[in-house]
Visitor: 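Here's a structure for you.
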2 protein chains.
Amino acid sequence: MRLNLNKIIITMQALKATLQKEGLRYTRQRQEIWNELRSSDEHRDAEEIFFTLRKRGLNISRATVYRTIDVLVKNNLLDKLDIGDGRARFEYNEKYFHHDHLVCTRCGKIFEFHNDNIEELQNEIAKQKNFKILHHNHQLFGICEDCQ
Amino acid sequence: MRLNLNKIIITMQALKATLQKEGLRYTRQRQEIWNELRSSDEHRDAEEIFFTLRKRGLNISRATVYRTIDVLVKNNLLDKLDIGDGRARFEYNEKYFHHDHLVCTRCGKIFEFHNDNIEELQNEIAKQKNFKILHHNHQLFGICEDCQ
DNA sequence: ATATTAATGAGACTTAATCTCAATAAAATA
DNA sequence: TATTTTATTGAGATTAAGTCTCATTAATAT
């Protein structure tokens, strides 16, 4: 309870601080979108955020949702996740717990994984090619335990 | 010269064999599309294949290009590559030389890499979660040597 | 040579995402 | 606090990748 409240306050401050740093305005819409993205740990897409906010009675535009999500991604408050279904998904960027994804091609469920060795090997590959990594995409597609 | 010729013949036979195995027809259009995809090692997209064939005077439909590429991917003659620019790319599936990609976010160039350790670690992750891997996506995004 | 039926072409349609522009509302300033 | 400035917004038009439909065509089986 208290923890959740703190979490929300802290992340609203993170939003405000980021926007100020960039000279952008701390608007009602940006707060609502950020809040919505923070309200669950699922991998949400822009259309879904848009419709959720509309259902809740907020008179928000689709364009605002897309524009705000862009701002959040560019400022590393959100990570963009592409599971190859033609729709970008977004999740809170937990700076100290990076992870990649397993995607079940039967039921669509998304599982997370993290492996330090793979991260290290990626860095070595980049170093060898004198390539400066900014971010990466790593998904394993297949059939999950339940679907087999 | 001889090698290239053999390569084309072999891969046309691969196409024919795959189509027969699936009870599909060996049509002029499928031959042309496969040939076009084989004619360069670049990472091609469907629209580009479509326009290239039209420019060459072939009266082919966009739908046929997309449908044929689907068939080729499903039968593992092509690998689908998604570098996150909203367009699917395709490349000849070299069964004995699997690779993943480094993508320069400045110039768009695509570099290939292969790392057996990463492949093995992926298998371990899947095993731990009792997940049956079918394929994977692995891209490192960043700035290439030339662009730095 | 003919019959069967999968594949094709044309273009309408879908869907995610972007763009435009007049109206609005944060934030800066007085 | 009232006013000014200018970024942001909403509505909906637009774009772009990809899919769908259906009458026609052409591979393959007979």
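Values below: every heavy atom of this structure, side chains too, minus hydrogens, waters and symmetry copies. To find a chain, count down the sequence lines: A is the first, B the second, and so on, and within it residues start at 1.
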Visitor: Taking the side chain from B:Q122 and the backbone from B:I133, do they hold a donor-acceptor pair closer than 3.5 Å?
Guide: no
Visitor: Could you tell me how far apart B:I49 (CD1) and D:dG18 (C1') are, to the nearest whole angstrom?
Guide: 15 Å
Visitor: Keeping A:N35 on the side-chain end and A:Q31 on the backbone end, is there a donor-acceptor pair under 3.5 Å?
Guide: no
Visitor: Grab the CD-C1' distance between A:E32 and D:dT9 for me, whole Å please.
Guide: 14 Å
Visitor: Can you tell me how far P of D:dT28 sits from NZ of B:K21, to the nearest Å?
Guide: 16 Å
Visitor: D:dG18 P sits how many Å from B:F51 CZ, rounded?
Guide: 12 Å
Visitor: Please step through salt bridge (Lys or Arg N to Asp or Glu O under 4.0 Å) for the pair A:E22 and A:K74, ending with a clear verdict.
Guide: CA-CA 11 Å; A:E22 295 287 309; A:K74 276 191 191 109; over 6 Å; no
Visitor: Output the rounded distance in Å from CD1 (B:I60) to C1' (C:dA10).
Guide: 13 Å
Visitor: Apply salt bridge (Lys or Arg N to Asp or Glu O under 4.0 Å) to A:E48 and A:R87, showing your working.
Guide: CA-CA 11 Å; A:E48 200 223 303; A:R87 211 165 358 141; over 6 Å; no
Visitor: Respond yes when some side-chain nitrogen or oxygen of B:N59 is under 4.0 Å from OP1 or OP2 of C:dA10, and no when none is.
Guide: yes
Visitor: Check the distance between D:dT19's P and B:I69's CD1 and give it to me in whole angstrom.
Guide: 10 Å
Visitor: Using the closest heavy atom to pick a nucleotide of DNA chain C for each, name whichever of B:R25 or A:L24 lands nearer the 5' end.
Guide: B:R25
Visitor: Which atom pairs link the protein and nucleotides 15-19 of chain C when you take only N or O atoms and keep those under 3.5 Å?
Guide:
from, atom 1, to, atom 2, distance (Å)
C:dA16, O3', A:G86, O, 3.4
C:dA17, OP1, A:A88, N, 3.0
C:dA17, OP2, A:Y66, OH, 3.2

Visitor: Does OP1 or OP2 of C:dT8 have a side-chain N or O of B:T27 closer than 4.0 Å?
Guide: yes
Visitor: So for the helix from C:dA1-D:dT30 to C:dA30-D:dT1, with five pairs setting each end axis, what is the inter-axis angle to 10°?
Guide: 30°
Visitor: B:F131 vs A:F111 aromatic rings, parallel, tilted or perpendicular, using cut-offs 30° and 60°?
Guide: perpendicular
Visitor: Think A:T64 has a side-chain N or O under 4.0 angstrom from the OP1 or OP2 of D:dG10?
Guide: yes
Visitor: Whether A:Q29 contacts C:dT24 is assessed here as follows: a side-chain N or O lying under 4.0 Å from the phosphate OP1 or OP2. Is that the case?
Guide: no
Visitor: Using the rule side-chain contact (heavy atoms from CB on, under 4.5 Å), only one of B:L102, B:D100, B:V103 pairs with B:L140; which is it?
Guide: B:L102
Visitor: Between A:R28 (CZ) and C:dT24 (P), how many Å, whole number?
Guide: 17 Å
Visitor: State whether the side chain of A:H114 and the backbone N or O of A:H98 hold a donor-acceptor pair below 3.5 Å, judged by distance alone.
Guide: yes
Visitor: Tell me whether the rings of B:H101 and B:H99 are parallel (<30°), tilted (30 to 60°) or perpendicular (>60°).
Guide: perpendicular
Visitor: Okay, side chain of A:R44, backbone of A:E36: is any donor-acceptor separation there less than 3.5 Å?
Guide: yes
Visitor: What is the distance from CZ of B:F50 to P of C:dT8, rounded to the nearest Å?
Guide: 14 Å
